Each structure stands twice: as structure tokens, then as C-alpha cells.
Amino acid sequence: PQARTIQTPLKRTKMDEVFAILLNSLYLESKIEIRKAYSFHIRRYIELLNIFVVRHMKLLLDALFSCLELPDYSGEETRLNALTALAALISYAWPRIPLHKSKINRVLFKLVSDLCPSNTEVPDKAEICAQLIQVVQCFVLLARCCHDQKGIYVQLLNGCDHSGLAD
């Protein structure tokens, strides 16, 4: 067997095609229950594709960001699935993450501001804590792969004044 050279691009597999269809479907879907089902499978595909997930990076980030920006009000499973998928993406595609760091930071901070309590009615605290734990994990992974100071994230998150961050 010959060693692959840099000039030889890797062929797209059936898994790439299926993943692209899944991402397009997730991004375009408006029904909450179907988005929940699609988002459940994203993390597993990221794990299977490993570093080759970078082929789908733009569409994957857009789909994950759309899940994080829109609450589903029924257990917030879609957001939790998107956060675990984002953590997996940061772990597997770490060489490309610094290029997308500002977009990821913006979406995560917006999510934290949405989750922080206000004077209005607050949903179930267990759901909020689970999401905040995943957000903090994403920030730690992001800081680790981008060689940033974690203290900046901790200071910004402490400004949120939520009991879930104390854990």
C-alpha cells in the first residue's frame, strides 16, 4: 500500500453524505420534536467521523447554533444534545476550533445570558443547571484548545449569579 500524499484528497464516504443530510434536516426543521430527534444523533456522528468532521464544520456549527439559540421549553433536550455535540466537536476537531472561537463564544455567552435568572418565571432549576454544566465544559474545552486563560471565562460566568455555576 502506498502512503497518501497531501495532494490526494480523501473521498467522501456514505457516512459523510448521511451526516450532511442529517445536518441539513436539523438546520431546516421547525418542529421541536423532530429537531430533538435529529440533535440526539449528532454527537455520535461526530465521534464516528473523528477529525474528518471538519468537512462539515460550517454546516455543523450553523445547525448547533440554531439549536442553542431557540429554546424548546419541554425539557430543553435539544439544547443539551447540541451542547454535548459541541463539546465533542471541540474535542475531535480541536485544530480548527481557534478559527471559530469567536462565534462559539458569542453563542455560548448568549445562552448563558438566556439561562440566568431574571425577574420573570424561571423554568426547572435542574434543567438550567444541566445546561450550565455543559456550557462550562464547552468553555473549558475551548480554552484548552485555544490556549486561552480560563480565568476570563470564569469571571464572566460568575457575573451570571446563578447557583448552578457554584458547582
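Fair warning: this is a prediction, and the values are worked out from it, not measured in the lab.
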>> Return the CG to CG distance between L26 and D62, rounded to the nearest 0.5 Å.
In response: 11.0 Å
> Minimum heavy-atom separation for C67 to R79, with atom names?
Replying inline: O-CG, 3.6 Å
> Taking all atoms of both residues into account, what is the closest heavy-atom pair of H56 and L49, and its distance?
Replying inline: CD2-CD1, 4.0 Å
>> Please determine whether the number of non-hydrogen atoms from other residues, nucleotides or ligands lying under 6.0 Å from atom CZ of R96 exceeds 12.
In response: no
> Heavy atoms, side chains only, cut-off 4.5 Å: are L23 and Y45 in contact?
Replying inline: no
> Heavy atoms, side chains only, cut-off 4.5 Å: are I97 and L142 in contact?
Replying inline: yes
> How many angstroms lie between OG1 in T78 and CD in E29, if you round to the nearest 0.5 Å?
Replying inline: 11.0 Å
> Which pair of heavy atoms, one from I51 and one from Y92, lies closest together, and at what distance?
Replying inline: CD1-O, 3.3 Å
>> Can you give me the closest heavy-atom contact between A85 and I42, atom names plus distance?
In response: CB-CG2, 3.7 Å
>> Please determine whether residues L80 and I133 belong to a single hydrophobic cluster, defined as Ile, Leu, Val, Met, Phe, Trp and Tyr linked transitively by side-chain heavy-atom distances below 4.5 Å.
In response: no
>> Between L70 and V112, is there shared hydrophobic-cluster membership here, with clusters defined by ILVMFWY side-chain heavy atoms closer than 4.5 Å?
In response: no
> M15 and I46: same hydrophobic cluster, using ILVMFWY side-chain contacts below 4.5 Å?
Replying inline: yes
>> Please report the interatomic distance CZ(R12) to CZ(R55), rounded to the nearest 0.5 Å.
In response: 6.5 Å
>> Applying side chain to side chain contact (heavy atoms under 4.5 Å, CB included) to L111 and V107, what does each step give before you reach the verdict?
In response: CA-CA 6 Å; L111 178 61; V107 170; 5.6 Å; no
> Between F139 and F109, does the ring centre distance come in under 6.0 Å?
Replying inline: yes
>> Pair T13, D16 - check side-chain hydrogen bond (donor to acceptor under 3.5 Å, both in side chains), show working.
In response: CA-CA 5 Å; T13 63; D16 286 312; 3.3 Å; yes
> Closest approach of L68 and A82, non-hydrogen atoms and distance?
Replying inline: CD2-CB, 3.8 Å
>> Could you measure the distance from the CD1 atom of I104 to the SG atom of C138? Nearest 0.5 Å is fine.
In response: 8.5 Å
>> I need the L60 CG to L22 CG distance, nearest 0.5 Å.
In response: 9.5 Å
>> Once ring pair (Phe, Tyr, Trp, His ring centres under 6.0 Å) is applied, do any residues pair with H100, and if so which ones, sequence neighbours excluded?
In response: none
> Considering all heavy atoms of both residues, which atom of Y27 and which atom of R35 are nearest to each other, and what is their separation?
Replying inline: O-NH1, 4.2 Å
> Any chain of hydrophobic side-chain contacts (each under 4.5 Å) joining L59 to L86?
Replying inline: yes
> Taking it one step at a time, do R43 and N81 satisfy side chain to side chain contact (heavy atoms under 4.5 Å, CB included)?
Replying inline: CA-CA 8 Å; R43 182 185 56 84; N81 291 337; over 6 Å; no
> Once you round to the nearest 0.5 Å, how far does CG of L141 lie from CH2 of W94?
Replying inline: 13.0 Å
>> Walk me through whether V53 and E47 qualify under side chain to side chain contact (heavy atoms under 4.5 Å, CB included).
In response: CA-CA 9 Å; V53 76; E47 292 170 353; over 6 Å; no
